[in-house]
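Whatever order the structure lists ligands and atoms in, that order sets their numbers, starting from 1. What you are looking at is a predicted structure, and each value in this text was computed from that prediction instead of being measured.
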Amino acid sequence: MNEQFSKKSEAWSARFSEPVSDLVKRYTASVFFDHRLTSVDIQGSLAHAEMLAHQKIISAQDYADIQRGMTQIQAEIAEGKFEWLLDLEDVHLNIEKRLTELVGDAGKRLHTGRSRNDQVATDIRLYLRAAIDDISVLLRALRMALVDLAEKNADTILPGFTHMQVAQPVTFGHHMLAYVEMFGRDAERMADCRKRVNRLPLGSAALAGTTFPIDRERVAKTLGFEDVCHNSLDAVSDRDFAIEFCAASALIMTHISRLSEELVIWMSPRIGFIDIADRFCTGSSIMPQKKNPDVPELARGKTGRVNGHLVALLTLMKAQPLAYNKDNQEDKEPLFDTVDTVIDTLRIFADMAAGITVKPQAMREAALQGYATATDLADYLVKKGLPFRDAHEAVAHAVRACEQRGCDLAELSTEELRQFSELIGPDVHQVLTLEGSVAARNHVGGTAPEQVRLAIQRVRSLLA
Ligand code: ARG
């Protein structure tokens with residue numbers, strides 16, 4: 001990989017009396033990773049040059065030369081012919097140097113009224129804005145896939161758990177919609193973060209602004225920024241927008257990780273609630289019977305690195321005095337890896353969710369164990385006039401009796417159930433069925449199939 005970064009060129013200005021060692025060059029260079037910013041760097045430079053020409057700070061001819069040079073540089077990069085030089089430290093100096101080789105003095109004028117400090121801050125914002133847009137599209141695709149799965153399973157019943165113990169029956173549709181809510185909030189967070197990303201640092205120059213008669217609004221408009229950053233010291237130094245992005249990403253991955261955990265458990269042959277398409281699983285090199293849910297497991301694991309990147313950026317920013325410090329060069333690798341990980345993960349999950357096979361029989365059998373309708377029996381007694389705490393106690397006795405006999409509440413006859421409360425009548429059996437239990441929770445946010453269908457309609461219209 002480092003082969004592509006050759007090492008010729010001299011020490012980099014008259015100010016220096018000795019060149020830095022090769023080790024220091026390698027240590028301080030960022031071109032190995034920030035060349036990913038090439039296209040946004042060129043986009044930002046062109047907008048800056050256009051403004052300089054408009055303000056008559058450079059000539060129209062200079063601007064035309066800069067445009068021509070940048071077009072050629074883009075072509076060279078696309079063809080893999082661009083020579084990245086380690087000695088030129090980063091993407092910005094590499095491009096500027098090549099531009100000057102190609103178009104002469106116009107290339108040297110590009111940096112008028114600008115610094116790498118406001119340049120790099122602008123590049124990261126442009127890069128991140130595009131990443132947020134990609135992530136938003138993928139979050140939508142994932143929610144659509146989950147909504148489709150929910151719709152197919154609006155009536156499928158499985159046990160809902162608390163403390164990993166059977167609690168109450170829920171519909172699988174309802175369970176999937178819980179994740180749709182989580183990813184919906186993730187999308188809101190991304191959209192909110194985008195507002196603060198989408199502001200222009202250019203014009204701040206190194207830290208204090210510039211003596212040239214620049215037009216920052218013009219550059220902001222050209223680049224599609226909603227506003228300019230209103231303090232030059234802040235604009236070149238703070239990376240809070242990137243930290244916010246990493247926090248929003250960490251939450252996406254946290255939600256992915258929770259879903260992954262469930263997929264892994266549900267796919268375990270001991271549980272067998274679902275199956276995942278073979279293309280997301282691998283076998284074992286020694287145990288022929290295995291089909292391992294590698295993708296959800298890896299996603300669960302990758303959550304660790306994304307959470308780690310958030311902490312890396314917070315730690316990077318902490319205790320940095322105003323204004324720009326080289327520490328900030330370290331923002332890129334965590335940020336890029338966050339973007340790559342989130343994008344790949346969402347892409348895979350949207351596809352994987354669409355291919356989940358649900359096994360309603362196994363879910364049903366599990367829901368029939370563990371006295372999942374005990375709360376329904378207590379609610380039934382309350383509706384007949386018993387205070388809830390007494391109802392709770394009566395049902396606890398019934399559950400205990402069932403445990404001793406090794407049967408479910410629904411298997412007791414009305415007469416047997418009446419031992420625990422005189423209020424129990426023949427209408428009790430409707431309440432003890434799984435269908436009766438879920439259908440009874442028929443309010444906004446409840447698990448009833450009717451509510452699941454309404455919730456699906458709501459989400460679909462939000463996503464339309
Ligand atoms: N490569 C640098 C970075 O990523 C660009 C800004 C350098 N500025 C400076 N004053 N050394 O942050």
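Counting atoms of ligand 1 from 1 in the listed order, those under 4.0 Å from a heavy atom of Ser30 are 1 (N). Every atom of ligand 1 is numbered from 1 in the order shown, and the set under 4.0 Å from a heavy atom of Asp90 is 1 (N), 2 (C), 5 (C). Annotation for ligand 1: atoms under 4.0 Å from non-hydrogen atoms of Gln329 are 1 (N), 2 (C), 3 (C), 4 (O), 12 (O).
Geometrically, Arg129 does not engage Phe245 in a cation-pi contact defined by less than 6.0 Å to the ring centre and at most 45° from the axis. Taking the ring axis of Phe336 as reference, the NZ or CZ atom of Arg36 stays within 45° of it and closer than 6.0 Å to the ring centre.
Remark: minimum distance from atom 12 (O) of ligand 1 to any protein heavy atom is reached at Tyr324 OH, 2.5 Å. Protein heavy atom at the shortest distance from atom 11 (N) of ligand 1 is Arg116 NH2, 3.5 Å. In this structure, atom 8 (N) of ligand 1 lies nearest to the protein heavy atom Asn117 OD1, 2.8 Å.
Shown here is His54, whose NE2 atom has no more than 12 heavy atoms of other residues, nucleotides or ligands within 6.0 Å.
Residues Arg199 and Glu226 are not paired through a salt bridge, judged by the lack of any N-O separation under 4.0 Å between the basic side chain and the carboxylate.
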Table please: side-chain donor-acceptor pairs of residues 267-275 below 3.5 Å, with sequence neighbours left out.
unit_1	atom_1	unit_2	atom_2	d
Ser268	OG	Arg270	N	3.2
Asp275	OD1	Lys291	NZ	3.1

Run Arg98 and Glu76 through salt bridge (Lys or Arg N to Asp or Glu O under 4.0 Å) and show every step you take. CA-CA 10 Å; Arg98 178 68 184 137; Glu76 288 176 1; 2.6 Å; yes
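Ligand 1 lies within reach of Lys332, whose nearest heavy atom is under 4.0 Å from it.
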